[in-house]
2 protein chains.
Amino acid sequence: MRRRPQITIDVVAAEAGVSASTVSHVLNGRADTARISQSTSERVRDAARRLGYTPNHAARSLRRQRTGVVTVLAWRLSSPFFADIATGVRNVAQRHGFQVAVIDAGALDREVEIRALASLRNGICDGVVVATGTHSRRGPNTDALLELAASGTPVSLVLDRSPDPAIPAIDVDHLGGSYLATKHLLELGHRRIAHFTFADSPLEPDAPGSPAARFLGYRQAFAELGLEPDPAWLVRGGREIEGGRTMAHGLFARFPNPDQRPTAIAAFNDRTAIGVIRGCYEAGITVPEEIAVIGFHDIPTARYTTPALTTIGHPLIELGEMAADSLFVLLQGGEVAERDRTVPVSLVVRESCGAQRKNGLGGLHA
Amino acid sequence: MRRRPQITIDVVAAEAGVSASTVSHVLNGRADTARISQSTSERVRDAARRLGYTPNHAARSLRRQRTGVVTVLAWRLSSPFFADIATGVRNVAQRHGFQVAVIDAGALDREVEIRALASLRNGICDGVVVATGTHSRRGPNTDALLELAASGTPVSLVLDRSPDPAIPAIDVDHLGGSYLATKHLLELGHRRIAHFTFADSPLEPDAPGSPAARFLGYRQAFAELGLEPDPAWLVRGGREIEGGRTMAHGLFARFPNPDQRPTAIAAFNDRTAIGVIRGCYEAGITVPEEIAVIGFHDIPTARYTTPALTTIGHPLIELGEMAADSLFVLLQGGEVAERDRTVPVSLVVRESCGAQRKNGLGGLHA
DNA sequence: CTGAAAGCGCTTACAG
DNA sequence: CTGAAAGCGCTTACAG
């Protein structure tokens, strides 16, 4: 385990009795275009293997002017859908012979994202898939993103909206998904449906960002039946599981009388929904019998909650693959074909809205 | 958004009317040791800012012979405790002015880990924290790990056992934790306690790896009461949530008669426990009333399951920090002080074993 | 107080 | 069929 001296290409060349150029040619598969003889190639390969030679990354990157690495900037490392997205990026990167590294964008702390974006400007990687979901409204972090792109590092967004024609983005159909979710609840007979969303996002119909789109889809589903949701059913709160739990308790506090309380909750996403289920459990309100809960995203754990989550699904891994595909188009000098693309979503019926049970054991809702 | 021409140090030097050396001195905070005048420094800094200069990472790394990056090799990106560990590594790395990148080790696919380990040998980073938990038994992946260390890249393990005196490792007290968990169940009156573990791990008392240590702790808790667990209570299966779910169903199939069925399950970890809770729900067996479930690791979501998970806890972020501390000792030329370190664990009582309720509302178990 | 020069370890166009 | 040489963009010991 003693640290060996550094094995450079010159050491290999000396060992094989050839020049460094020859070693480089052989090891980079240019043996025939450089017309290196069979036997020389063998000798070089043997020497390299014997010495455990690995070309130095920094030197190679400097010379080639590319690193062979793409980076995924993740909203939060522990975010469940991000892991699937990274897997999608990896699939594509592998096909192109690239490695992928993941770095954390600090979740709610935009400063971390800004620093990360700035640190990527030095050519440490050849391109970055940004999965922070923070660029639909322009802020200093988006400035940092544009700086990165302007400095020559191709960038592609996923689960977000493009801030610039030169930057491709892919997102899911938030409006359609929210519409589907609400419609599912309406069809199950629910009329008082709560809509949970983030406290810090604008909700005007023309506002940017997924919360506004989701709210619109929710209202559209009601409108289709000639109905309008009560503004008191709109609950705004924090992110993650804890946010969902807190919003659930907030809703129950707002509606102490069970007869007026919403009978269903459209949570902002699956994590929120998990928190909502937990909040209901704490309040002694059973899901789905007393209240239905629907999520969004269909994260891998959604099928394992009790009750299993009814949610809006879309292909997470493919989302990563599509974002990576766009990135590689740019990497190869191509142009952005379509600035914002949208992936369709579908309803995934499990147990948390009672529909499964309804079909199997008879209806529980009017 | 047009891609700008590359701004090198020479461009900055020209703009400021000085040499590249001067720019380098100023920008690296060596202005005074190199005795650069106040005004020149200003001029250089201005020019750099104006041009948006960022030192090229590859060139700098090549010259300095270090990259300023440490890598975390994660068993699986979506693994919940790994995210916390990466956070711990980040905390420490930040203090040292290092960036951290995360790469995926492919979970059960050891080939991915081997390739990743090999790809890190080219000096793409200065050190790596390995969080794959796969090195307590020696296999080809451990060979790749030793190769990496031998090639001069410092390595530190977390949630694993060290395969070599030159490699520090930090793990939690698996034996003690399992003992605590089992003892908790015994104290609650349970006598038929199932132990869930992985199918592919040796369980002999002296076998390497956490499953053997856990099994030992389980038996020790029984032994303390002069008891011995029935071998039929040992269930072996797959990983992740699905593994837990499957093992739960396996147990119920093995014990069709509820009067003989174990009244408690010590799951291998929190993910397994989540699967077990799900399996119980599917089988119509209520937790904790009809069966108690205990986990291991206290992942962030453990408090949000229904019922909330009683589990064995330990500081996940600090585990990452400690592994990173060891890495930086090596990075600075230090020696491994202690090959294998162990972090203590503690019992985290929530709802899934009924203890919470027992205290509050009277006992449910004999 | 500042600059010229060497060199980190590669790759590649070119010469022979 | 193979090698000498230039150069990628930095940093740093050294000279003045």
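Below, chain A is the first sequence line, B the second, and so on; all start at residue 1.
- Between B:S19 and B:T22, the side chains place a donor N or O and an acceptor N or O closer than 3.5 Å (distance only, hydrogens not considered).
- The nearest whole Å value for the distance from the CZ atom in B:R43 to the C1' atom in C:dT2 is 11 Å.
- Across all strands shown, A:S61 has no heavy atoms under 4.0 Å from either base or sugar-phosphate atoms.
- A donor and an acceptor atom, one from each side chain of A:R115 and A:N141, are nowhere located under 3.5 Å apart.
- With hydrogens and angles left out, the side-chain atoms of B:Q99 and B:H57 include no donor and acceptor closer than 3.5 Å.
- B:T40 and B:S37 share a side-chain donor-acceptor pair at under 3.5 Å.
- The pair B:D104-B:R76 does not count as a salt bridge, with every side-chain nitrogen at least 4.0 angstrom from each carboxylate oxygen.
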Nucleotide pairing, DNA chain D (Watson-Crick or G-U, distances under 3.5 Å), in dot-bracket with [ ] and |: |||.||||||||.|||
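- Inspection of the B:S162 and B:D340 side chains reveals no N or O donor paired with an N or O acceptor under 3.5 Å.
- Pairs of residues two or more places apart, or lying in two chains, that qualify as salt bridge (Lys or Arg N to Asp or Glu O under 4.0 Å) and include a residue from residues 316-326 of chain A are A:R95-A:D325.
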B/S/- contact track for nucleotides 7-16 of chain D, protein heavy atom under 4.0 Å: BBBBBB----
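- A salt bridge links B:D143 to B:R138: one of the charged nitrogens lies within less than 4.0 Å of a carboxylate oxygen.
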